[in-house]
Every structure is written in structure tokens, then in C-alpha cells.
A.B. asks: 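A single structure is presented below for examination.
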Amino acid sequence: MRVGSGGGFRAILYTIKKGREAGGVWKLYQALRTRNSCKTCAVGMGGQKGGMVNELGHAFEVCKKSMQAMAADMQPGIDPNFWKQNSIESLKRWSPRELETSGRLIHPLRYRAGASHYEVITWKEAFDSIASHLRKITPDESFWYFSGRSSNEAGFLLQLLARVYGTNNVNNCSYYCHQASGVGLQTSVGSGTATIVLEDLEKADTVFLIGGNPASNHPRLMTSLMRVRRAGGHVIVINPVRETGLINFRIPSDPISLLKGTKIASHYVQPHIGGDLALLWGLAKATKQLGAFDEPFLGQHTTGLDQWQQSLDDLSWHEIETKSGVARSEIESIAKLYSQSKRTVFSWTMGITHHAHGVDNVQAIANLAFARGMVGREGCGLMPIRGHSNVQGIGSVGVTPKLKDQIFTALREQFGVNLPETPGKDTLECMEAAERGEIKVGFCLGGNLFGSNPDSTFADKAMSNLDLNVMMSTTLNTGHAHGLARETIVLPVLARDEEPSPTTQESMFNFVRLSDGGPARLPGPRSEISVIAAIGKRLLPDTPGIDWDDLAQPSTIRKWIGAVVPGYGKISQIDETKEEFQIEGRTFHEPTFGTPDGRGVLHCHSLPDLKGTESNQLRLMTVRSEGQFNTVVYEEEDLYRNQERRDIILMHPDDLKRLGLSHDQKVTVRSDTGELNQILARGYDSIRSGNALMYYPESNVLVSRHADPQSKTPAFKGVVVEVIAE
């Protein structure tokens, strides 16, 4: 049966299914209700108000992603015989889902070049080997990579270890997702995060949802969008694909929505992949022609106005239509809606950031918000929909190649630590340096660095060229089978709700939650913080200003964070107060921005030509499925797109016909970077003709390492491919 809406009774039945996998529905419910932050997307819920509760106190804010992650953490441990029975070569043939569902990692593991299998080792052997390798190299011959899965405390401690060791090669997973948002927002409003709180979203009368599919990837946002629609508001979706859950969604916790469904998108615009920047400029031009600019706001609260308005006047409608793929009449109709709005929120995801002009896209969204004074007051603003649950917090606590000046100065002056001043490399630079042999040791706090990289053939080569790679993980992923260093060590760590002491996380709304932790489900895994402190103690036992035993306590780390990280002062007392808090200086309810002069900055751009316009080409974007979170694949099927497998390329039926292909014909998909064979070509009338989609991370072999020069975010969208019949 084809799925015609998101959510609904299928989601309820899915809850029962995941409950059975986790040992019972009641057991899963109890796990989800503990006072811990949700483990999945950065919309955020849980914490001291209890699981399934968001910032506004709304209860039972739970989604399939939450249950998938929790059920994965509730798997039994992997028996030591598993590593004898399954060779590295056999693991390479396993799908991401097969690896994820193998069980929890409970023993330290080591692979050495030439061996056919992983071997189980002791924690002492692992720590001694890591310290030994790091002593043999210069600090800048190492890199340190952080996932958004970890806590603020673990992230802060590991970046501190890397820096007192002597390198600024400290980077996080946002470089491959939302770094363009951070750079674009910082250069526009002076802060790299959302300018709103959750309540602002629900007060809006118009929401732009650009280049994203929260029905699959951030389902709890659908409740807020439902409230916007019920209040008579508009949701304008801009996406080359008509996504089922964005057209209609049945909120399981709302009886009326569950039974009747909720129309989410009031308007749906389908530009070509890569046409967003032209569309955004077209919307600004049309809004200006309607006389709807807020001239007093622009004059008093922005800079660059004259040049920007002149650029709008000089821009032709022919160029806008050609480069966006959207007709002038459709752009003008959306601009008319915007011109009538009193409170607009602009939101976006990686359909905006995963381009070589991702920062330009974000700046153009900010321009559009400035145009009508839709930032700097309640119910309005800019909202990047961030991915992993604490990816924003990891960045806040210093996981960037260059520390913020305030953090750098405070660490030196208040704690007396010596910090390096050499430039640090971003994630892609570290990978390229590893391939050249300039970096010899990698250290990964969670995540799947191999699976998240563009050009997976190159990623395999680069990571295999390391002398040592260390991965702190809860379950298996493709990075444990591919791209193995000459020595690879896997350290099993506890999940967030198993930590022996409380930790904190930050939502995409700049809200810091306190997670209580809880009892370990299995013997063997250790706290991330204790592992990092133990390595620090072995590697740097006499570091000025550092007491590794003291820093093994999360409460101590919070004292440091509160003293050095801007806006985080309240975290120092959170153990006593239990008070979760909004970070100061990021939410703009007044039009005074974080720029040097307090004004928003209007930016001008050159509009890129559309790629892939030859008769034998398609523009490809890599996407996640409904049964997936980041690189983790929980289900082979993509329910909302009505697909039962992942080795497919979805294109419009007109493109199938144009390319002389039939539905489900086997093809080779080829780009300038690589190719995939034995792929099924499928007609999919929900995608704009001339464009196609394939699943990430399997299709990463097709994605080049070409990145946005400002944010260093690779262009996972807009890949030009040829589809060749086999």
C-alpha cells in the first residue's frame, strides 16, 4: 500500500515493533521517559522535564528517530566470538543497517595491517598504544574529529586535550553539514545559530521551509508546523522533491490530526537542484517591486543597503528564471504572500548548505528576512534545522579549528593552560593531509568519519594511510570496516542515558539541557569523559593547569565551560540548581545584532549557472531516507517515498524516457569522481524533471571534494551524473 501521509497509525505500529526489538514496549517507554536529552535531532526534547518533553513543556514529543536510536542502544552486546567469525573483508560487504544491528560494542578492539580480523584487547593495551603513537609524532600530525552525539563535557575535554597536546586540528561533523549556516549567519547577524526560540516558530504566520524534509529527519517539528497551519498560517516549502510528509502528516499525539491528517505545505515550489540562490534573489526582487520592503528597518538596522538594492534592480527576470527553474509568476505569488505576513520564520536544512555556494544561500535567506524586518522581534527570524542532538553544543564549547578569542583568552588567563596558535585544519583539509601522509593519527569521538565524507574512494585511501585511527563508538558502522588505518582501535563507550554522572546538551534553539545519565546496560563500555581523561593522564601527565583526575568529573568540566564559553555561565551551577537555560546573546528579539556595529549585513552574490543541462545529464542530490539518521541506517525501506530498497536512483518518468530507460532497469551512475553499478533506475514523479536523488552515504562515491570556499562544506547536492544502461 502506497503511503499517502507521514506519521499516522503506521507510526504507532512502528512503536510496537521497536518496543519488541528493545525487549518490550513498556521497557522502551521507560527508557524514553528518563530525564535525558533525546539522542537524535537537534530540535531537542527531554532533560530535567522528563523524556518526551520539549522547551515549551509539551509532553509526548517523541518520534521514530528517538525510538530507533534508543532501541539500537538497547541491543545486546557483541560476543567476542563475533570478531573471530567475521573477517574485515566480510564486514566490508555488510550494509550500513547490518553493521548497526550487530549489537553494542562492549570490548576494546584492535586491527593491525595484514590481519584478517579485529582482535579483542584490554583497555590498558588500548590506552598504552594510543599514547605511544601520539608521543612519536608532532602534534600537527594528528587530527581530532567530533560527532554531535557526544556531550558538551566530553567535547570540551577532548578539544582541550588536543590543544594542550599542541594542535588546533580540531573539527566537528558540522563541516560536512551545517557549517555554511554558521558562517552565513555569523556574517549576516553576528551569531552562527538560530535567532529564535521554539515559541517564536509557533507564533509565526508564515514559515519558509527551504531545502529540507523534517517529516523524515526532524519529525517533532511537524507538531509546530501543524499549529501554524491551524492558526491560519502558511507553510511555504521550497524543495525539488514533493515529499509526502510535507504535503500531509498525521501527528500521532493529536487525535484530530491522527484521524484526519494535517495539510502541512500551503504552497510548494520546486526549483532545480542548485537553483535556490536565484530563487531567493527573485523573491527579494519581487518583494521590492511590490513595495513591501520595511524601509525604516533596513535604513536603521542594516548595512550594505544601497549596493544590495542596486543589485536587485540590475538583476533580470530572465536570469532568475533560467538559473532557478521557477517561473516569474510563481515567484511573485510567493513574494505576495510574504509581503502580507506579519511574522515570518525562515528555516532550512542541507538542501541549502550542501552546495559550493552554501554560505551565499544562507546570506540570501538573511537578506530576505532583513527586507521586511523579519528578524529581531518575536515570532520572526532565522532557523537552521540542525542535525545531530548536540552538534551545536559541540561547536559552542570550542570544537572548531580556531577557538573563539574569548575562550582562548579565558583558558590561558583563568586556568593557566598553554595553547597552540598555529592554524588548525578543517575536516576536509585533515582528510587531504592524511592522504598526503602529513597527518598520521586520527581520533574520532563518535560518528562515522568515513561514511560522512564525499568521494568515499578517496576517504578510504586517506584513512588507510594513517598510522593510527581511534574511534569511540557505541555500535558498528561502515567506518569500522572501510578506511582502516595501519592500526585501528575501537573503544566502546556508554550512551548518553548510561553515563554515571549528568552531562549537558544544547538544542538548535540554543537551549541547554541536563541529562541525568543512568545505569549501564552492559558491562564493558566506559564513559566518554573517563576515557578521554585516562588518555590525557597517560599522554600528558604533567601539563600546566591540568589535573586529569579532577577533569574526569563532569561537574569540574562544567565549571571550566561556565568560566570560558560565552553565554554558558549558568552551567557552572547546574549541578545544584538543575536549571536548564537559554544561552544569552543568540536570540534576537530586538534588532540589535552581534555584529561589530550592531547592524545586520546585506550581502550581494553572483548567481551560479545551473549544472547538468546536457541531454545525457541529471543533477543529483544525496538524501537520507525515512528509516535513517545521519549515516546510520535503521531500515532498508524508505516508507514515505514508497521505496523498499536503497540501491536505486529516483528520477522523473520523463527523464527515464528521455534517457531511453525503463522502470527498474539496471544502470551505472557515473560522475566525474566515481561510479556505481547495478543501480535500479526508477521513475518517481515527485521529483522535478532534470533532477535525481540517491541515498547517502552509499552514493558518496559520486560526490566530489569540491567545497564551498567560505565554509569548507562539500557539495553533496547538485552532483552532475550520467545514467548508463547496463
Side-chain angles (χ1 to χ4, degrees), residues 176 211 213 239-243 270-277 323-325 350-358 428 451-460 608-625 628 631 638 641 643 645-708 713-726:
Y176 286 167
N213 183 19
N239 193 322
V241 183
R242 290 182 65 84
E243 299 286 9
Q270 290 183 270
H272 286 305
I273 297 170
D276 306 278
L277 188 59
K323 292 182 176 180
S324 69
M350 289 179 289
I352 282 293
T353 61
H354 271 171
H355 294 277
H357 52 275
L428 190 55
S452 62
N453 259 275
D455 191 352
S456 48
T457 302
F458 171 85
D460 184 275
D609 293 326
L610 277 181
K611 302 177 182 178
T613 56
E614 300 296 325
S615 61
N616 63 336
Q617 295 176 332
L618 290 169
R619 288 171 293 276
L620 174 74
M621 61 178 176
T622 65
V623 298
R624 275 86 165 165
S625 71
Q628 176 179 0
T631 59
D638 189 355
R641 297 191 183 108
Q643 305 298 323
R645 58 196 296 168
R646 296 175 62 82
D647 55 343
I648 57 178
I649 179 170
L650 299 181
M651 64 183 78
H652 195 275
D654 290 349
D655 289 321
L656 271 182
K657 183 178 180 180
R658 173 171 64 87
L659 296 172
L661 303 172
S662 58
H663 186 79
D664 269 359
Q665 182 173 348
K666 288 187 177 180
V667 297
T668 294
V669 183
R670 181 177 298 155
S671 72
D672 289 342
T673 302
E675 67 178 43
L676 284 169
N677 304 310
Q678 298 289 298
I679 300 298
L680 296 183
R682 288 189 167 176
Y684 189 64
D685 58 12
S686 292
I687 193 168
R688 176 77 185 270
S689 179
N691 305 278
L693 63 83
M694 293 181 74
Y695 291 114
Y696 164 103
E698 294 92 332
S699 58
N700 286 1
V701 67
L702 302 170
V703 180
S704 78
R705 287 174 279 130
H706 182 54
D708 176 8
T713 302
F716 286 93
K717 308 289 190 287
V719 179
V720 177
V721 297
E722 297 180 30
V723 182
I724 304 156
E726 293 187 353

A.B. asks: Can you list everything that forms a side-chain contact (heavy atoms from CB on, under 4.5 Å) with Lys666? Sequence neighbours excluded, please.
C.D. replies: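 Partners of Lys666 by the side-chain contact (heavy atoms from CB on, under 4.5 Å) criterion, ordered by chain and then number, come out as Gln678, Leu680, Glu726.
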
A.B. asks: Partners of Thr622 by side-chain contact (heavy atoms from CB on, under 4.5 Å), sequence neighbours excluded?
C.D. replies: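 Testing Thr622 for side-chain contact (heavy atoms from CB on, under 4.5 Å), a comparison that skips the adjacent residues, returns Tyr696, Ser699, Val703, Phe716, Lys717.
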
A.B. asks: Any chance you could measure Tyr695, atom OH, to Arg645, atom CZ, to the nearest 0.5 Å?
C.D. replies: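 With rounding to 0.5 Å, OH (Tyr695) is 11.5 Å from CZ (Arg645).
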
A.B. asks: Can you name the side-chain contact (heavy atoms from CB on, under 4.5 Å) partners of Arg670, sequence neighbours left out?
C.D. replies: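 side-chain contact (heavy atoms from CB on, under 4.5 Å) list for Arg670, sorted by chain: Thr668, Glu675, Ile724.
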
A.B. asks: Is there side-chain contact between Leu650 and Gln643, with at least one heavy-atom pair below 4.5 Å?
C.D. replies: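 Leu650 vs Gln643: side chains touch.
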
A.B. asks: Between Ala707 and Leu428, what is the shortest heavy-atom contact and its length?
C.D. replies: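 Shortest heavy-atom contact: CB-CD2, 4.1 Å.
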
A.B. asks: List for me each residue that meets salt bridge (charged side-chain N to carboxylate O under 4.0 Å, His left out) alongside Asp708, sequence neighbours excluded, and say none if there are none.
C.D. replies: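 Partners of Asp708 by the salt bridge (charged side-chain N to carboxylate O under 4.0 Å, His left out) criterion come out as none, since no residue qualifies.
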
A.B. asks: What ring pair (Phe, Tyr, Trp, His ring centres under 6.0 Å) pairs are there with at least one residue in residues 651-694, not counting sequence neighbours?
C.D. replies: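 Of all non-adjacent pairs touching residues 651-694, none passes ring pair (Phe, Tyr, Trp, His ring centres under 6.0 Å).
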
A.B. asks: How far does CG of Asp672 sit from CD of Glu722, to the nearest 0.5 angstrom?
C.D. replies: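 One finds 8.5 Å between CG of Asp672 and CD of Glu722.
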
A.B. asks: Sequence neighbours excluded, which residues qualify as side chain to side chain donor-acceptor pair (under 3.5 Å) partners of Lys323?
C.D. replies: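 Only Glu319, Asp609 meet the side chain to side chain donor-acceptor pair (under 3.5 Å) criterion with Lys323.
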
A.B. asks: State, to 0.1 Å, how close Leu618 and Ala692 come at their nearest heavy-atom pair, and which atoms those are.
C.D. replies: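 Result for this residue pair: CD1-CB, 4.0 Å.
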
A.B. asks: Would you find a donor on one side and an acceptor on the other, under 3.5 Å apart, between the side chain of Ser625 and the backbone of Asp638?
C.D. replies: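 Looks like no, no N/O pair under 3.5 Å.
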
A.B. asks: Of all residues at least two apart in sequence or in a different chain, which pass the side chain to side chain donor-acceptor pair (under 3.5 Å) check with Thr353?
C.D. replies: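 Applying side chain to side chain donor-acceptor pair (under 3.5 Å) to Thr353 gives none.
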
A.B. asks: Where is the tightest heavy-atom contact between Ser671 and Val721, given as atom of each residue plus distance?
C.D. replies: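 Taking Ser671 first and Val721 second, the nearest heavy atoms are CB-CG1, 4.1 Å.
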
A.B. asks: Within a strict 4.5 Å, meaning less than it, do heavy atoms of the Glu614 and Val720 side chains meet?
C.D. replies: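 They are not in contact (no side-chain heavy atoms under 4.5 Å apart), so the answer is no.
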
A.B. asks: In sequence, state the C-alpha distance, the side-chain angles, and the governing distance for Leu656 and Met651, and then conclude on side-chain contact (heavy atoms from CB on, under 4.5 Å).
C.D. replies: CA-CA 7 Å; Leu656 271 182; Met651 64 183 78; 3.8 Å; yes

A.B. asks: Would you check if Leu620 and Leu702 make a side-chain contact, meaning some heavy-atom pair closer than 4.5 Å?
C.D. replies: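 Yes, close enough: below the 4.5 Å cut-off.
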
A.B. asks: Rounded at 0.5 Å granularity, tell me how far OG1 in Thr713 sits from NE2 in His357.
C.D. replies: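 Interatomic distance, Thr713 OG1 to His357 NE2, rounded to 0.5 Å: 12.5 Å.
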
A.B. asks: State which residues pass side chain to side chain donor-acceptor pair (under 3.5 Å) with Ser662; sequence neighbours excluded, sorted by chain then number.
C.D. replies: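 Partners of Ser662 under the side chain to side chain donor-acceptor pair (under 3.5 Å) test: Gln665.
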
A.B. asks: What distance do His355 atom NE2 and Lys611 atom NZ have between them, rounded to the nearest 0.5 Å?
C.D. replies: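 Going from the NE2 atom of His355 to the NZ atom of Lys611 covers 9.0 Å.
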
A.B. asks: By side-chain contact (heavy atoms from CB on, under 4.5 Å), which residues pair with Val667, not counting sequence neighbours?
C.D. replies: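 Partners of Val667 by the side-chain contact (heavy atoms from CB on, under 4.5 Å) criterion, ordered by chain and then number, come out as Ile649, Leu661, Val669, Ile679, Ala681, Val723.
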
A.B. asks: With sequence neighbours excluded, what pairs up with Asp654 under the salt bridge (charged side-chain N to carboxylate O under 4.0 Å, His left out) test?
C.D. replies: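 Here no residue qualifies.
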
A.B. asks: Between atom CG of Asn239 and atom CD1 of Ile352, what is the distance when rounded to the nearest 0.5 Å?
C.D. replies: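 Asn239 atom CG to Ile352 atom CD1 measures 10.0 Å (nearest 0.5 Å).
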
A.B. asks: What pairs meet the salt bridge (Lys or Arg N to Asp or Glu O under 4.0 Å) rule with one or both residues in residues 677-706, with sequence neighbours excluded?
C.D. replies: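 As it turns out, the salt bridge (Lys or Arg N to Asp or Glu O under 4.0 Å) pairs with a partner in residues 677-706, which skip direct neighbours, are Glu432-Arg705, Asp455-Arg705, Glu644-Arg682, Arg646-Glu698, Asp664-Arg682.
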
A.B. asks: Look at the side chain of Asn691 and the backbone N and O of Pro240, then say whether any donor-acceptor pair between them is shorter than 3.5 Å.
C.D. replies: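 Side chain of Asn691 to backbone of Pro240, a donor-acceptor pair under 3.5 Å: no, none is there.
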
A.B. asks: For Ser689, what residues pass the side chain to side chain donor-acceptor pair (under 3.5 Å) criterion, not counting sequence neighbours?
C.D. replies: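 Once residues adjacent in sequence are excluded, the partners of Ser689 under the side chain to side chain donor-acceptor pair (under 3.5 Å) criterion are Asp655.
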
A.B. asks: Closest heavy-atom contact between Pro454 and Ala459?
C.D. replies: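 Shortest heavy-atom contact: O-CB, 4.4 Å.
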
A.B. asks: Does the Arg658 side chain pair with the main chain of Ser615, one donor and one acceptor, at a distance under 3.5 Å?
C.D. replies: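 Yes; at least one donor-acceptor contact below 3.5 Å.
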
A.B. asks: Looking at CD of Glu243 and CD1 of Ile687, how far apart are the two atoms once the value is rounded to the nearest 0.5 Å?
C.D. replies: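 Here the interatomic distance stands at 9.0 Å.
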
